[in-house]
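Single-structure report; data block below.
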Amino acid sequence: MASAGENRENAPLHVAIIMDGNGRWATRRGLPRIMGHKKGVERVREIVRAAPALGITALTLYAFSSENWRRPADEVSGLMGLLKSFLTRELDELCANGVRLAVIGETERLPADVREVLDAAITRTGGNRRLKLNLALSYGGRGEIVHAARRIAARCLNGEIAPEDIGEELFSAHLHTAGQPDPDLLIRTGGEQRLSNFLLWQLSYAELCFVPAPWPEFDAGELERAVADFRKRERRFGMTSEQIRNRTGASSAGS
Ligand code: IPE
Ligand code: IPE
Ligand code: MG
């Protein structure tokens, strides 16, 4: 197997991850669920560190969904606390690794103190270029699409654009992910095979990889295996194998 950075041909540039299975990991060990989330934070650190050597330039991590607000209040506040301490403690390391932080989701629903450290981290990492790290927080794909539709409708009403101007490109430009390429690879840990309202628009042609390991066990080796598996796949985007093989300068970008 290729070791990290050895061969980046056809590597996924943008990887999205549904970090699932923290609670079950902890429960299996007789621990409170929050311990699984704590262990999960360590994996975030490891995966962010390992990603650039595999050719990954953007990582989008599903950390908290708009549906996760329905969880017991103590779990929600525990998660918010972990998020805040991660952002505070890891800021120097993120900068040292050239990580530029961004957030997607309904951030206005997050507690004010979390929003504060988040904004500070986004500002401080703004000039970094090695890895774009999008944290999906209070994120829901349907909500994001509805929000985009509302903004577009408002622009139509005030005469800035006409309905005929609305195409896929314009629509994409009104999503939280505006200006970013779609994910090439989606990984979901924890064994479930569903999207749970993650990046519904952006994942339309992503390769899907469902991993049995719960997030607290998803280490750099697991990421390397998922990337190696991705690189063996043929992405056809509606075309035939022959057309893909004949494409000059075969790139994995696919757009
Ligand atoms: C993912 O792990 C983390 C969040 C959703 C915040 P879970 O907490 O969903 O873990 P399981 O799926 O219950 O094991
Ligand atoms: C998806 O996991 C959200 C995150 C990993 C942040 P969930 O555990 O919330 O998903 P469902 O509810 O089991 O589908
Ligand atoms: Mg879960």
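These numbers come from the heavy atoms of this one structure, side chains and all, not from hydrogens, waters or symmetry mates. First listed ligand is number 1; within each ligand, the first listed atom is number 1.
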> Would you say the side-chain atoms of Glu234 and Ser241 include a donor-acceptor pair closer than 3.5 Å?
Replying inline: yes
> Below 2.8 Å, any N, O or S contact between Glu192 and the Mg ion (ligand 3)?
Replying inline: no
> Hey, which N, O or S atom on Asp20 ends up closest to the Mg ion (ligand 3)?
Replying inline: OD1
>> For Leu110, is there any backbone N or O sitting under 3.5 Å from a side-chain donor or acceptor partner on Arg115?
In response: yes
Taking both backbone and side-chain atoms of [X], is any N or O found less than 3.5 Å from an N or O belonging to ligand 1?
X     : value
Trp25 : no
Asn68 : no
Gly23 : yes

> Looking only at protein heavy atoms, which one is nearest to atom 11 (P) of ligand 1, and how far off is it?
Replying inline: Arg24 NE, 3.5 Å
> Can you tell me which residue and heavy atom of the protein come closest to atom 1 (C) of ligand 1, and the distance to 0.1 Å?
Replying inline: Met19 O, 3.0 Å
> When you measure from atom 4 (C) of ligand 1 to each heavy atom in Arg28, Arg71, Arg33, which option holds the nearest one?
Replying inline: Arg71
> For ligand 1, which atoms, with element, lie under 4.0 Å from some heavy atom of Ala63?
Replying inline: 6 (C)
> Below 4.5 Å, heavy atoms only, C-beta onward: do Ile166 and Cys156 meet side chain to side chain?
Replying inline: yes
> Which of the numbered atoms in ligand 2 are below 4.0 angstrom from a heavy atom of Asp20?
Replying inline: 2 (O), 8 (O)
>> Once you measure the plane-to-plane angle for Phe198 and Tyr139, does it fall in the parallel (<30°), tilted (30-60°) or perpendicular (>60°) bin?
In response: perpendicular
>> Against ligand 2, does Arg70 come closer than 4.0 Å with any heavy atom?
In response: no
>> Quick check on salt bridge (charged side-chain N to carboxylate O under 4.0 Å, His left out): which of Lys38, Arg45, Lys39 does Glu42 satisfy it with?
In response: Lys39
